[in-house]
Number of protein chains: 2
Amino acid sequence: MPVEAKVDIGARSATPPLTERQEARRRRILHASAQLASRGGFDAVQMREVAESSQVALGTLYRYFPSKVHLLVATMQDQLEHMHGTLRKKPPAGETASERVAETLMRAFRALQREPHLADAMVRALTFADRSVSPEVDQVSRQTTAIILDAMGLTDPTSAQLSAVRVIEHTWHSALITWLSGRASIAQVKIDIETVCRLIDLTEPDAKQERKK
Amino acid sequence: MPVEAKVDIGARSATPPLTERQEARRRRILHASAQLASRGGFDAVQMREVAESSQVALGTLYRYFPSKVHLLVATMQDQLEHMHGTLRKKPPAGETASERVAETLMRAFRALQREPHLADAMVRALTFADRSVSPEVDQVSRQTTAIILDAMGLTDPTSAQLSAVRVIEHTWHSALITWLSGRASIAQVKIDIETVCRLIDLTEPDAKQERKK
DNA sequence: ATCAAGTCTGAAACTTGTTCTAGATTAGCG
DNA sequence: CGCTAATCTAGAACAAGTTTCAGACTTGAT
């Protein structure tokens with residue numbers, strides 16, 4: 001285990017510490033949200049039902065999560081953390097960085113496949129989020145970046161590599177959407193992921209590595 | 001086999017021909033939609049307002065466009081067609097295919113910048129669309145593909161090239177979203193587009209590689 | 001223990017997308 | 001022209017996200 005884990009994601013930056021009961025409420029809400037989402041996707045996550053199902057008043061739900069989109073993005077943060085942990089346990093076996101990234105993403109993809117409704121709810125919320133949710137969405141993006149960099153085995157990426165990772169994330173999100181809305185097959189998603197991952201190779205053999213500031 | 005399957009995109013496949021007045025209504029609706037969207041984005045396009053503003057009853061609006069998302073995706077089709085025409089008039093000047101595609105997309109991007117609220121409404125609708133809107137979304141996707149292939153100067157792309165184009169589209173949509181929600185700067189979008197466009201070079205080994213040094 | 005400030009609850013109200021209904025209008029046709 | 005089916009209109013009604021509010025409950029500091 002890393003001795004002094006860094007990161008301390010800054011997500012809880014301006015958040016006053018929650019009491020135990022508040023933490024419990026928050027967990028109940030997220031759990032109810034994920035459960036309803038697993039049933040019927042975005043539409044099935046109805047705020048009244050989430051409130052009832054987590055034994056919290058509607059007003060309280062809105063105090064914890066100021067909108068349905070906030071709630072679902074928080075749910076995604078939660079799931080992503082979990083997934084990052086899982087993925088870490090079995091690091092990908094590919095030879096090249098691009099292979100490992102593609103493998104990792106496809107593994108994540110298969111996990112989402114197991115709960116397609118949940119995936120639907122989270123991804124739709126993510127892309128539908130407006131500016132008021134930017135900090136939370138950014139947090140999800142950072143987490144995704146961390147997963148990809150992990151798979152690449154990098155601690156100190158060049159800016160070219162960061163660009164490639166950004167594009168991979170774009171492709172990942174958008175491919176997910178096309179799959180969720182039934183416009184692309186799983187095979188197609190796989191091809192797209194593999195295609196975009198080739199970008200990584202373009203950043204490797206290059207002799208000249210710029211020094212990161 | 002289609003002889004020269006040109007346009008006639010099949011969008012109007014099962015659509016009985018509209019009378020003149022109906023065509024006029026449809027235009028009024030799309031116009032009102034674009035106008036409201038230009039003002040305040042997705043949220044400002046309120047179905048009651050669209051109806052009133054296009055002098056049509058609410059029920060009629062819903063007969064023409066079965067949901068707000070359908071309406072906005074149709075609005076996007078409309079705008080895309082227009083943009084394709086515009087872009088065609090001034091073909092991009094780059095040497096390589098990837099340069100031309102990047103240039104074309106950035107040009108399109110600058111056009112969207114001029115109406116950021118409209119862009120917001122259209123893109124949010126596009127990514128929020130569920131299965132019931134798939135045909136229309138697909139149509140938008142085909143139109144986008146056509147624009148990119150046009151910029152590449154290709155008439156019959158290889159499957160590797162089609163994959164690259166798909167990934168470019170993914171990146172384009174997702175980058176647009178991050179920009180619209182204020183999480184990426186225009187400069188960042190430019191970098192992402194240029195990065196992904198390099199994929200095109202990978203599909204043309206015999207084309208002259210530029211030696212930039 | 002007590003009090004003020006902050007939090008939670010339950011319920012109603014408000015907003016906007018969507019559906020439904022009954023009657024008026026229009027289009028196509030003999 | 002007159003008939004019939006389809007379409008259009010105005011408006012009410014419904015659904016789900018969001019806001020509001022009065023009163024009950026916690027919490028933290030004295």
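Naming: A, B, ... by sequence-line order, numbering from 1 per chain.
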For B/Ser141, which residues count as a side chain to side chain contact (heavy atoms under 4.5 Å, CB included) partner, sequence neighbours excluded? B/Thr145, B/Glu169
How many Å lie between CE on B/Met47 and P on D/dG17, as a whole number? 18 Å
Considering every strand and a 4.0 Å limit on heavy-atom distances, what is the contact class for B/Val45: base, sugar-phosphate, or nothing? sugar-phosphate
Segment of DNA chain C, first to last nucleotide, that comes within the 4.0 Å heavy-atom reach of chain A: C/dT7 to C/dA13
Length of the CD-P vector between A/Glu52 and D/dG17, whole Å: 14 Å
Can you tell me how far the CG atom of B/Leu87 sits from the CD1 atom of B/Ile147, to the nearest 0.5 Å? 6.0 Å
Report the residues that fulfil side chain to side chain donor-acceptor pair (under 3.5 Å) with B/Arg131, sequence neighbours left out, ordered by chain and then residue number. none
From CZ of A/Arg21 over to P of D/dC25, roughly how many Å is that when rounded to an integer? 12 Å
Near DNA chain D, under 4.0 Å by heavy atom, which residues of residues 34-44 of chain A? none
What is the separation between atom CG on A/Asp130 and atom C1' on D/dT18, rounded to the nearest whole Å? 14 Å
Do any of residues 59-73 of chain B sit with a heavy atom less than 4.0 Å from DNA chain D, and if so which? B/Thr60, B/Arg63, B/Tyr64
First of B/Val56 and A/Arg48 reached from the 5' end of DNA chain D, by closest nucleotide: B/Val56
Any pair with a residue in residues 135-171 of chain A that passes ring-ring contact (aromatic ring centres under 6.0 Å, His included), sequence neighbours left out, goes on the list, sorted by first then second residue, please. none
Answer with yes or no whether the side chains of A/Ser181 and B/Ser134 bring together a donor and an acceptor at under 3.5 Å. no
Pairs where residues 99-140 of chain A contributes a residue and the test ring-ring contact (aromatic ring centres under 6.0 Å, His included) is met, not counting sequence neighbours: A/Phe109-A/Trp179, A/Phe128-B/Phe42, A/Phe128-B/Phe128
Using salt bridge (Lys or Arg N to Asp or Glu O under 4.0 Å) as the criterion, list what pairs up with A/Arg63, not counting sequence neighbours. none
With sequence neighbours left out, the residues meeting side chain to side chain donor-acceptor pair (under 3.5 Å) with B/Ser67 are B/His70
Residues in side chain to side chain donor-acceptor pair (under 3.5 Å) contact with B/His84, at least two apart in sequence or another chain: B/Gln143, B/Asp150
Output all residues satisfying side chain to side chain contact (heavy atoms under 4.5 Å, CB included) with A/Gln55, sequence neighbours left out; order by chain, then residue number. A/Arg28
A/Arg25 CZ - D/dC25 P separation (whole Å): 14 Å
In whole angstroms, how far is the C1' atom of D/dT18 from the CG atom of A/Leu58? 8 Å
Run the side chain to side chain contact (heavy atoms under 4.5 Å, CB included) test against B/Asp78 and tell me which residues pass, sequence neighbours left out. B/Arg27, B/Leu30
Give one of base, sugar-phosphate or nothing for B/Glu49, where a contact means two heavy atoms less than 4.0 Å apart. nothing
